Every structure is written in C-alpha cells, then in structure tokens.
Amino acid sequence: MAVDTAPQAAAANWFFDELEKRTDGRVAVDKSGPEEICKAAEIAECVRDGRADIGVSVADYTAQLFPGEVIVSVPFLSDSSQQAVMHALHETHKQHQGSQAKWDDIGLHPVAHWPAGRLTLGSKAEIRNINDINGMKWRVAGPYLVKAFEEINGNPVSMPSSETYEALQCGVAEAAAFAIDGAVDYKLVELLPEWTDPGVGHYTTFGMWLNKDVYDGMSEEDRAIFDELAEEFNGGKGMELFAEGAADQCQFMLDHDNVAKFGKWDSTATKEWSDKVGDKLIEEWIAEAEKNGLADARSFYETYAKLVKDVTEADLAKDPVIACVKSFESR
C-alpha cells in the first residue's frame, strides 16, 4: 500500500529484491503499485485468499487478524526507537506460543512488522497540549489511539491514509495524527503548517505477510534463505533503510514554504495526556487480543513491554522524528 517515496516502501522493496537475488531468481516478486490489486484495508485478506502471495499494509486495518502486533497501537507504550519496537515484536512472537498459534490459524506467515514512525500532529494552528486538541476533528488511525483522543475530548475520524487529504479539504477532518510520511508523501503540509511530536511514541505498524501455502510450497533451501533474510530485516536492516528514506522527508519539510514549525511537546504536557489514559487501554488490549484469538495475551504484553524498553540514547537519536525536531530547533 505504501507509495514509492515512503520510507516503508524502500524497506519492503529491499526485501523483495534481496529475496530474488539470494535465491538466484527462483523466488521473484512481481510488485504492484499501491492498492493496484486490493485496497489497503483488504490487503491481508487478499494474501490469505491467494489474490496476492505477499502483501504490505497497516496491521490496524485488520486488527482482528493481528491481535499481538496491534499492541503498538496502545499509546505511550512504544515510546522507544523504531528498531526496538520492530525487534520486540519479532522476538515476542518467537517466544510466545499463543502468537505462533494465531498465525497458523489465519493462514499467514509473518515476515516483519515495523513502526510507521512516531506519531506527529499536523494542524492549522499550533498544538501545544491536550487543551488544543479539545473539540477538533482529527484524522486518527488505530483503535486505541482513537480512544486516547476521545479521552481528552478530541473528535477522531478514521479513514485510510490515501483519503486524508480530501477529508481535510472538505472539512471531514480539521487536523491529522500521522507519521511523518503523512506530512510529506500524502502532501498534508500543503494544508497543515503546524507539526509537533506529542510524545505518544509509535502508534501503528506496517506488516509484511506471506501466504502460508506459498511459504510451505518453497523448497527447503529457499525457505532457509527466506528465514535468514527475515532475521536480517528484523535485526536492523529494515529500519536502517527506513531511516535513510525518512531523512529526505525531514529535508522536504525544512524546505517547504508552508511548514511553519515542527516541534515537540513539553514532557509535562505529554504526561498530562498519558495520565488521562492510564493503564485502561492496556487492559482493553489484553481483553480484545484474547477475544481475537491470542491466548495468554497478558504474557505477550509483559514480554513485549520489557523488550521494547531495551533501547539506547544513540538509537533514539537516530529516530527520524526526533532528529527532525532537532533540525528545526537548530535552523
């Protein structure tokens, strides 16, 4: 679903190209354009039913299929580096039998899930705290982020990425909660001059999934190559490629005449929102995940929460949004 200029497209394309290269062309990927075969919200189902063999889309669009991975949607839980989030999801799946059973049940083979980027808020006027969100119509993605906005009297409106620009033009939404590619690749900077990082952290993931029958149908040699490539992708290469693409996005914002500011909330403003949310959304995620077939969801949460905090200051400094805010401060 990602447009070609988005950093997640660069990461996914590297995986596809490397797969063909390392298997000497035995496994090739015929890449379609964004939403060419299926709409973004249907891509996971398209891979399940065989219309596509492999797909890339946002896990939250079909949250019932990916109850474990949707944990990133819980606000303030994944305030970490992109690589820490990607690694934590990958390792938690490998350690958690309930997660493995769920993937077998839906007929998909997981390749990777990576954050779309830290949450940023784009608006026509500066947004400094939760009082500035109050009463506004916000484009928001992710079931738990929607609830976090409702907790502070924001008015969330859910829609796919590709429909956001038009929604802002016609007044369906007044502002947008988005990763940095919303500002750049979906051209929201043309409508929204004020951008800020509210300290929510990562809020949704892109996923890459392979039809399980296709995976099982590979030769033993090619499955081993596929698995080795997936480990490399999850182990740092994917986010390295993402960061390279996102650096260009920041420069685009720095150069754009309509961008007035890209800042970050004061920690006290972030804490005020976090305190409003509390632990209730974690408990809701646990209940919903088990309802959607993830056995022992609480242990999944405990494992993920521990792993996602395993991050260095150097890793955080590489985060595209954190780095971009610093670039705006120093210009």
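Keep in mind the model is a prediction, meaning the values are calculated, not measured. All heavy atoms count here, side chains included; hydrogens, waters and symmetry mates do not. We number each residue from 1, following the sequence as shown.
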Side-chain contact, heavy-atom cut-off 4.5 Å: [X] with [Y]?
X    : Y    : value
K280 : E151 : yes
T196 : F262 : no
P198 : I127 : no
D319 : Q82  : yes
Q249 : M253 : no
F233 : M86  : yes
N211 : I54  : no
N258 : P193 : yes

Could you give the distance from [atom1] ([X]) to [atom2] ([Y]), rounded to the nearest 0.5 Å?
X    : Y    : atom1 : atom2 : value
K137 : L168 : NZ    : CG    : 10.0 Å
E174 : L192 : CD    : CG    : 10.5 Å
F226 : S219 : CZ    : OG    : 12.5 Å
Q97  : D296 : CD    : CG    : 9.5 Å
N234 : E91  : CG    : CD    : 8.5 Å
L19  : D222 : CG    : CG    : 8.0 Å

Atom [atom1] of [X]: over 12 foreign heavy atoms under 6.0 Å:
X    : atom1 : result
D30  : CG    : no
K187 : NZ    : no
K39  : NZ    : no
K31  : NZ    : yes
E228 : CD    : no

Test item: [X] side-chain N/O and [Y] main-chain N/O as donor-acceptor pair under 3.5 Å:
X    : Y    : result
Q100 : K94  : yes
T23  : V27  : yes
S327 : A323 : yes
S81  : A84  : yes
S80  : V85  : no
N13  : A9   : yes

| said: Could you go through Y165 and E190, starting from their C-alpha distance and side-chain angles, then the distance that decides it, and tell me whether this counts as side chain to side chain donor-acceptor pair (under 3.5 Å)? | reply: CA-CA 9 Å; Y165 191 99; E190 296 176 357; 2.7 Å; yes

Same apolar cluster: [X] and [Y], side chain cutoff 4.5 Å:
X    : Y    : value
L254 : L188 : yes
V157 : I130 : no
I37  : F206 : no
W114 : L307 : no
Y186 : V184 : yes

Identify the heavy atoms of [X] and [Y] that sit nearest to each other, and give their distance.
X    : Y    : answer
D132 : E126 : OD2-O, 3.7 Å
A40  : M1   : CB-SD, 3.8 Å
K102 : P67  : CE-CD, 3.7 Å
R139 : M159 : NH2-O, 3.2 Å
A176 : T164 : CB-CG2, 4.4 Å
W138 : A177 : CE3-N, 4.0 Å

| message | Assess the residue pair E290 and R298 against the criterion (salt bridge (charged side-chain N to carboxylate O under 4.0 Å, His left out)); give the C-alpha distance rounded to whole Å, side-chain angles, the decisive distance to 0.1 Å, and a yes or no. | response | CA-CA 9 Å; E290 295 206 342; R298 188 172 296 278; over 6 Å; no

| message | Applying side chain to side chain donor-acceptor pair (under 3.5 Å) to H96 and S299, what does each step give before you reach the verdict? | response | CA-CA 8 Å; H96 195 273; S299 73; 3.0 Å; yes

| message | Please evaluate residues W273 and F149 with respect to the criterion ring-ring contact (aromatic ring centres under 6.0 Å, His included), reporting the C-alpha separation (whole Å), side-chain torsions for both, the decisive distance (0.1 Å), and the verdict. | response | CA-CA 9 Å; W273 192 359; F149 269 79; 5.2 Å; yes

| task | Identify which one of T205, I43, T204 satisfies the side chain to side chain contact (heavy atoms under 4.5 Å, CB included) criterion when paired with V58. | result | T204

| task | Could you point out which residue of Y304, Y203, Y144, W285 forms a side chain to side chain contact (heavy atoms under 4.5 Å, CB included) with L77? | result | Y304

| task | Determine, step by step, whether I225 and R26 satisfy the side chain to side chain contact (heavy atoms under 4.5 Å, CB included) criterion, reporting the C-alpha distance in whole Å, the side-chain angles of both residues, the deciding distance to 0.1 Å, and the verdict. | result | CA-CA 11 Å; I225 291 170; R26 293 187 303 276; 3.9 Å; yes

| task | Check whether the ring centres of Y215 and W209 lie less than 6.0 Å apart, and answer yes or no. | result |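 Aromatic pair excluded; centres sit 6.0 Å or further apart.
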
| task | Show the numbers, then the answer: is there a salt bridge (charged side-chain N to carboxylate O under 4.0 Å, His left out) between D227 and R223? | result | CA-CA 6 Å; D227 293 345; R223 276 201 307 274; over 6 Å; no

| query | Is there a salt bridge (charged side-chain N to carboxylate O under 4.0 Å, His left out) between E45 and R48 once you walk through the steps? | reply | CA-CA 5 Å; E45 290 293 350; R48 292 182 76 197; 3.3 Å; yes

| request: Verify side chain to side chain donor-acceptor pair (under 3.5 Å) between D255 and Q251, making sure each step is shown before the conclusion. | output: CA-CA 6 Å; D255 295 340; Q251 191 59 51; 3.0 Å; yes

| said: Test salt bridge (charged side-chain N to carboxylate O under 4.0 Å, His left out) on E194 and R128; report intermediate values, then the result. | reply: CA-CA 10 Å; E194 295 282 348; R128 297 159 297 182; over 6 Å; no

| Yes or no on side chain to side chain contact (heavy atoms under 4.5 Å, CB included) for W265 and L121, after CA distance, side-chain angles and deciding distance? | CA-CA 10 Å; W265 279 16; L121 305 181; 4.1 Å; yes

